[in-house]
Amino acid sequence: MSTGVVWFRKCLRLDDNPALLELSRDQSIRAILPIYILDPQVIGNSLDNYGKARIRFLIESLQDLDARLKSRFQSELLIYQGDPLEIFKELVGASGSSIDLIVSEYCSEPHGRKLSQAIEMHFQRKSSSPKVRFHKAVHTLSDLEDTVASAGFKNPKSMKDVRKIFSDRFDSDKEGFLKIPSPVPIPRKLQPLPEKPFYQILPDSSSIRFQSPTSFRDEISNRGLLTTPIHPSPFKGGETEALARLKRKVTGAPDFVNSFRKPKTFSTNQPADPLEPSTTGLSPYLSTGCLSVRRLWEETQKHNRTCEHTQPPESLHGQLLFREMFYLLSRSVDHWDNDVGNSMCKQIDWGDEEEKMQAWEKGLTGFPYIDAMMRQLDATGWMHHLGRHAVSCFLTRGQLWQHWKKGRDVFERKLLDSDWALNNANWLWLSGVAPFSMPYFRLYNPCPDSKSSLNVETKSAQFIKFWIPELENFPPKYIYEPHLAPDSLQSNSKCIIGRDYPNPIVDRKTSAAQNLKTFKLGLKC
DNA sequence: GGATCCGTTGTAGCT
DNA sequence: AAGCTACAACGGATC
């Protein structure tokens, strides 16, 4: 009996999944193994590359995919832990050569590309081996390999450059619409699992394991990694939730989409619920592949076609074009995640102070604005984009002078929408070491609004108090710089600065001036 | 080849 | 209270 394997890598979904669709339509394939692999090289040896919120999101996503496979197709998701190549070798062996085809998606990360290549190479050798097919990029708007290889491609550094790269792909009749491959539908039916459960292999080597999503979840839970979050997360993992959010925030919200301007969604426009993002909140679903970026592009485009709308870079499409730009760079620039060997990264002699890193990560810098957002990140795995700008500027060239890679690692571990290409790009940008248009003297003020904050409860004061309950009774006037409040006010507010909440870790004005000077000097060397 | 322009989203201070 | 202006002053692209 002819069996096919569909390996879900960066697409934890049924919608717009060309590999899955192709397999389902292949008449010669009688049984299908839908698998997901937990690769220690990605997740760490005991999932330690993932923060708790991120682990929870992943588990929910896997359980949802499993549930969808069960309810629609009487199939299910099989989870393996270990090196993917070893797992495929074992699977093919155990199947008695009944596996004819392995399909999956292209991955642009160095590790993913190396893996794809190793698997292709391995199964090329024997004629009895299964065919291996990696579908073209479905995680981006364009095919990265094609775009990077196209004539005249140059590393894009601005939105203008991106437009140039795609200049031949814009709709001629309607200016400004990038033509992208249409998303493909969910398969109507799917071949069942093979009758013989050979896939439940447990080879002698303990480095490979098979599990169902439920037993995986139970194991993580038993290890204490699946605790109930302090605050209910607005994000539940999985395609079901992704499609519901897409409908709520995009498809069913034409005005929101057509008037979307990223800078306007920050601080001034916070929703009443401090846990619900003011943007679409779809990024975690894009990074795990619960949602297709092309589906999002298309839904946005439908609204844009009907009436006046905002334009890139501020519009929703603009945000997706930036994503594309960063993905392209991550593919075309070697050592994208490093300063050494990265042609786009300037070398700066960053400091190395563990206490500063700790204070930043734990939300104990004494800057409530920064601390609130870092605590939000830890508790929920999410932070507004401009908040990310503020805290990363603060950690690097702004105030603390720590290496961008250390901040990058914290984000990578904790963010639900962690994405290797984008996370590195944002840190390169915000720390000022990449040649993006970022005048180096432009700093984000960690105490915005300090002068104009009136004696009323502002939205951002509410936000800070939500995440820093120590400051609950502080008047908004001192909310950004509580150490400036008179002693009597501090004791009245039941929060003595230096005892109940830290004093500022640095003097923001002197450190900013000093860092600006050092940065300028560093650039000259 | 020198001048000029511009860059996803700054800040402070004024009205 | 949103919107203006002055400020800071890089570096790559463009003409």
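Every heavy atom of this structure was used, including side-chain atoms; hydrogens, water molecules and symmetry mates were not. In this text, all values refer to a predicted model and were calculated from it rather than measured experimentally.
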Atom [atom1] of [X] to atom [atom2] of [N]: distance rounded to whole Å?
X: A:F519; N: C:dC10; atom1: CZ; atom2: C1'; value: 10 Å
X: A:K164; N: C:dG12; atom1: NZ; atom2: P; value: 15 Å
X: A:K517; N: C:dA8; atom1: NZ; atom2: P; value: 16 Å

Run the side-chain donor-acceptor check on residues 248-257 of chain A: report pairs under 3.5 Å with partners two or more places apart or on a different chain.
residue	atom	partner	partner atom	Å
A:K249	NZ	A:E276	OE2	3.0
A:T251	OG1	A:E299	OE1	3.0

A:Y285 ring center near A:F57 ring center (under 6.0 Å):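 Here the rings of A:F57 and A:Y285 have centres that are less than 6.0 Å from each other.
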Partner residues of [X] under the salt bridge (Lys or Arg N to Asp or Glu O under 4.0 Å) criterion, sequence neighbours left out:
X: A:D352; value: A:K406
X: A:E361; value: A:R413, A:K414
X: A:K236; value: none

Between the protein and nucleotides 5-10 of chain B, which nitrogen or oxygen pairs come in under 3.5 angstrom?
residue	atom	partner	partner atom	Å
B:dG7	O3'	A:S437	OG	2.6
B:dT8	OP1	A:S437	OG	3.1
B:dT8	O2	A:P313	O	3.2
B:dT8	O4	A:H385	NE2	3.3
B:dT9	OP1	A:R442	NH1	2.9
B:dT9	O2	A:P263	N	3.2
B:dT9	O4	A:H385	NE2	3.0
B:dG10	O3'	A:L443	O	2.9

For DNA chain B, just give me the dot-bracket, please: Watson-Crick or G-U, both distances below 3.5 Å, ( ) intra-strand, [ ] crossing earlier pairs, | paired with another strand, . unpaired. .||||||..||||||
I'd like to check the side chain to side chain contact (heavy atoms under 4.5 Å, CB included) partners of A:K114; sequence neighbours left out, ordered by chain and number.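 Expected list: none.
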Quick one: list whatever passes ring-ring contact (aromatic ring centres under 6.0 Å, His included) with A:F411, sequence neighbours left out.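 Scan of A:F411 (ring-ring contact (aromatic ring centres under 6.0 Å, His included), adjacent residues dropped) gives A:W427.
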Can you list the residues that meet the ring-ring contact (aromatic ring centres under 6.0 Å, His included) rule with A:H139, with sequence neighbours excluded?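 For A:H139 the ring-ring contact (aromatic ring centres under 6.0 Å, His included) partners, ignoring immediate neighbours, are A:Y327.
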Could you tell me how far [M] sits from [N] if I compare only their [atom1] atoms? Round to whole Å.
N: C:dC15; M: B:dG1; atom1: C1'; result: 11 Å
N: B:dG10; M: B:dC6; atom1: C1'; result: 16 Å
N: C:dA8; M: B:dT8; atom1: P; result: 23 Å

